[in-house]
K.L.:
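What follows is a structure written as structure tokens; I'll ask about it next.
Numbers here are sequence positions counted from 1.
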Amino acid sequence: MRMLRSGPGLDRAPEAALPRFRPRPSASAGAFVGALVRNACRTLILAGVLVACVRLFVVHFHDPAGHSPALAEGPAWLIPVVAVAVALLALLVAVTPIVGPIFGVLDAALRVRAGLNGLAWGVIVMLAVQFTGDAFNAIPGGHEVVGLVLGSAMAVVTSHTHRRSVANDTYRTFNLMAMLLASGSLASMSLTPTGHWWAHNFSTLGTSDDVAAMCFNGAVVLSGGGIALMSGALTRALTASRFAVRRQGLVGMRVLISLIGVSLMGVGLVPIDGATGLHDSFASTAGASFGALVVGARWFARRMPRTLVVVSDVFLVFLATAWVAYALLSLVNLTLFEIVAFTLVFVWLITLVVTTHRGAEQAALAAAERGAVPAGSRVPAPPFTLATVRAFALSARDRGISTVMARSPRVEVEPPGLNLVSLGRT
């Protein structure tokens, strides 16, 4: 934005009283790499869901005996519903990241993106239940009811979370990492020739030495690598003084998160039908590292967010209960226990990001308004709408400034992990 001095009272206004708006900076290399990673994840996620949908069509219409009878005999209404859902998922990938900034309706675009994120998670869960239909025969209503309930609940929860946290680059990237693992597993479920794999363990999906195994093992390796590389970003917000993080606690959290990621990579690189002992060691290391994270949540920082502490306590009890039900009482099989553990790991890490960044945006904006922002820092900017442009123009006129070109005031900064300026681009 270029400003020209004008107005009779300008010489009486001190220089410090002028608005401290700066032009929008060019994207950093880190932001560019993050955008590339997220776009790559979106592409792979879409590919995984499309593979599952194509397989659903093929089995339903052409090969009813070649897969689960529950899948072949599924309700006919599921086919068009899935087709519409996939079309909307494609819309998520291709359209919503650019619509908001172009038309100045960022709030509406964020609501759409949050809804589509929830829809994507709901579709993945419903399809996963559909491809493992025989596992739910003992439940009243069968896999149709289970898929509807779990898919709807997942859609509502993830949509709400996405709406609150979509401004955070770390959350968005990690959300896509988790969805990548889910969609890769889904594609493997739809293609695997291992039959009732859920009667053995989750890792059975990676033992068929074909495309199905490649989908599963590749998704586990990529998501594990993402967790390991993001250990610093996931915990960066804890460095804020309001959390009073212990130095050893911060290092410990990052080491444990990295161990989880590296261990998941090992699980994908060493299938269970190969070096079984090594595979189990990787899985056990991931579980132990997550257990240490949950148990140490109160110690890592003196003022850890209360929500995260409560979630950690609940997850610890839930994980211990699931282990007792599997190992001691034989009420659930290993597959269900592994799925529960995987889910808890990703939900806990997302909770860590969401709770530690809560309120950081407002604090940064308040500091900017007080003039307490250090030089070179970056602050989240208001959305580019006609209202913000008009307000800025009126403010400039009152201060004796004539704007040659009116644009939304793009100030620089954000608390660690936030990138509101890039909302419309990625």
Side-chain angles (χ1 to χ4, degrees), residues 40-56 58-59 66-68 71 89 120-121 123-135 147 150 154 174-228 260-287 290 333-346:
C41 286
R42 291 186 184 104
T43 303
L44 293 174
I45 290 165
L46 181 60
V49 175
L50 285 175
V51 166
C53 291
V54 170
R55 181 63 177 161
L56 183 65
V58 170
V59 171
H67 213 84
S68 167
L71 174 63
L89 185 61
W121 274 111
V123 167
I124 290 173
V125 170
M126 289 184 66
L127 286 174
V129 172
Q130 184 74 7
F131 280 107
T132 56
D134 289 347
L150 293 182
M154 191 67 157
F174 191 74
N175 174 64
L176 289 172
M177 289 289 179
M179 194 181 292
L180 174 61
L181 175 60
S183 62
S185 301
L186 172 64
S188 181
M189 292 177 195
S190 69
L191 297 170
T192 184
T194 55
H196 291 181
W197 57 268
W198 56 85
H200 306 287
N201 52 64
F202 196 44
S203 297
T204 302
L205 288 171
T207 62
S208 55
D209 297 326
D210 57 6
V211 176
M214 183 182 68
C215 290
F216 177 77
N217 292 329
V220 173
V221 170
L222 289 175
S223 60
I227 292 176
I260 292 175
V262 172
S263 299
L264 287 182
M265 292 179 67
V267 168
L269 292 172
V270 183
I272 195 171
D273 62 339
T276 304
L278 183 57
H279 177 95
D280 291 343
S281 297
F282 281 126
S284 299
T285 301
F290 176 63
N333 64 4
L334 180 57
T335 302
L336 182 58
F337 177 75
E338 289 175 327
I339 292 175
V340 168
F342 267 112
T343 304
L344 293 183
V345 168
F346 281 93

K.L.:
Nearest 0.5 Å please: distance from the CG atom of L181 over to the CZ atom of F342.
P.N.:
6.0 Å

K.L.:
What is the minimum heavy-atom distance between M177 and S223, and which atoms define it?
P.N.:
O-CB, 3.9 Å

K.L.:
Would you compute the distance between atom CD1 of I227 and atom CZ of F346 and round it to the nearest 0.5 angstrom?
P.N.:
4.0 Å

K.L.:
Drop me the distance from L176's CG to I45's CD1, to the nearest 0.5 angstrom.
P.N.:
5.0 Å

K.L.:
So L44 and S183, side chain to side chain contact (heavy atoms under 4.5 Å, CB included) or not? Walk me through it.
P.N.:
CA-CA 8 Å; L44 293 174; S183 62; 6.0 Å; no

K.L.:
Would you compute the distance between atom CZ of F216 and atom CG of L191 and round it to the nearest 0.5 angstrom?
P.N.:
13.5 Å

K.L.:
Looking at every non-hydrogen atom in both residues, tell me the closest pair between G224 and M265 and how far apart they are.
P.N.:
C-CG, 3.7 Å

K.L.:
Of all the heavy-atom pairs spanning A52 and S190, show the shortest one and how long it is.
P.N.:
CA-OG, 3.7 Å

K.L.:
W198 vs H200, test: ring pair (Phe, Tyr, Trp, His ring centres under 6.0 Å). Steps then yes/no.
P.N.:
CA-CA 5 Å; W198 56 85; H200 306 287; 9.4 Å; no

K.L.:
At what distance, to the nearest 0.5 angstrom, does CG of N201 lie from NE2 of H279?
P.N.:
6.5 Å

K.L.:
In the structure I gave you, are the side-chain heavy atoms of V51 and C215 within less than 4.5 Å of one another anywhere?
P.N.:
no

K.L.:
Can you name the closest pair of heavy atoms from V267 and A283 and give their distance?
P.N.:
CG2-N, 3.8 Å

K.L.:
Applying side chain to side chain contact (heavy atoms under 4.5 Å, CB included), run through S185 and F202 and close with a yes or a no.
P.N.:
CA-CA 9 Å; S185 301; F202 196 44; 3.8 Å; yes

K.L.:
Quickly, which of T43, V220, L222 forms a side-chain contact (heavy atoms from CB on, under 4.5 Å) with L180? Name it, please.
P.N.:
L222

K.L.:
For N333, which residues count as a side-chain hydrogen bond (donor to acceptor under 3.5 Å, both in side chains) partner, sequence neighbours excluded?
P.N.:
none

K.L.:
Do the side chains of F131 and T192 get nearer than 4.5 Å, heavy atoms only?
P.N.:
no

K.L.:
I need the minimum non-hydrogen distance between G184 and A219, along with the two atoms involved.
P.N.:
CA-CB, 3.8 Å

K.L.:
Working to the nearest 0.5 angstrom, can you tell me the gap between D280 CG and S203 OG?
P.N.:
8.0 Å

K.L.:
What closest approach, in Å, do G206 and P271 show between heavy atoms, and which atom pair accounts for it?
P.N.:
O-CB, 3.7 Å

